[in-house]
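Below is one structure, written out as structure tokens; comments come after it.
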Amino acid sequence: MMKPDFHPAIRSDIYRIVRHVHDVTQDRHAARRRAVEVDSLIEKILGNPFSGSRLSGDLEGCLVRHGGRDHKITIVFKPDD
């Protein structure tokens, strides 16, 4: 299994996403579901780190995966060869 090397901002990004869902919906369960969806997508990436759409330009060498309800979560990552 690949060892994750997360960007330093990932924790604050996830927190802000969950906080936004809560602020907009006033539903802590909806916010929690979104956090679970993010965690699930991260687990899928860790389980198959070379799967995803290849990016080019400034993000060459990175892959992108979408997940969650209606594929609204996007994670860009660089697999560790």
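Keep in mind that what you see is a predicted model, and the values were worked out from it rather than measured. These numbers come from the heavy atoms of this one structure, side chains and all, not from hydrogens, waters or symmetry mates. Numbering starts at 1 and runs along the sequence shown.
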Original post:
Within a strict 4.5 Å, meaning less than it, do heavy atoms of the K72 and R34 side chains meet?
Top reply: yes
Original post:
So, for P79 and G61, which heavy atoms are closest and what is the spacing to 0.1 Å?
Top reply: CD-O, 3.8 Å
Pair up each side-chain donor or acceptor in residues 18-29 with any protein partner under 3.5 Å, not counting sequence neighbours, and list the distances.
{"residue": "R19", "atom": "NE", "partner": "D23", "partner atom": "OD1", "Å": "3.3"}
{"residue": "R19", "atom": "NH2", "partner": "D23", "partner atom": "OD1", "Å": "3.2"}
{"residue": "T25", "atom": "OG1", "partner": "V21", "partner atom": "O", "Å": "2.6"}
{"residue": "T25", "atom": "OG1", "partner": "D27", "partner atom": "N", "Å": "3.1"}
{"residue": "Q26", "atom": "NE2", "partner": "D23", "partner atom": "O", "Å": "2.9"}
{"residue": "D27", "atom": "OD1", "partner": "H29", "partner atom": "N", "Å": "2.8"}
{"residue": "D27", "atom": "OD1", "partner": "A30", "partner atom": "N", "Å": "3.2"}

Subject >> Between CG on residue L41 and CD1 on residue I45, distance to nearest 0.5 Å >> reply: 4.0 Å
Subject >> Partner residues of R33 under the side chain to side chain donor-acceptor pair (under 3.5 Å) criterion, sequence neighbours left out >> reply: none
Original post:
Where do R65 and K44 come nearest, in terms of heavy atoms and distance?
Top reply: NH2-CB, 3.6 Å
Original post:
Is L46 reachable from I14 through a run of hydrophobic residues whose side-chain heavy atoms are each under 4.5 Å from the next?
Top reply: yes
**OP:** List the atom of I73, the atom of G68, and the distance in Å for their closest heavy-atom pair.
**Re:** CD1-CA, 4.0 Å
Original post:
Quick one: CD1 on I10 to CD1 on I75, what's the gap to the nearest 0.5 Å?
Top reply: 6.5 Å
Give the table of side-chain donor-acceptor pairs shorter than 3.5 Å for residues 51-58, with sequence neighbours excluded, one pair per line with atom names and distance.
none

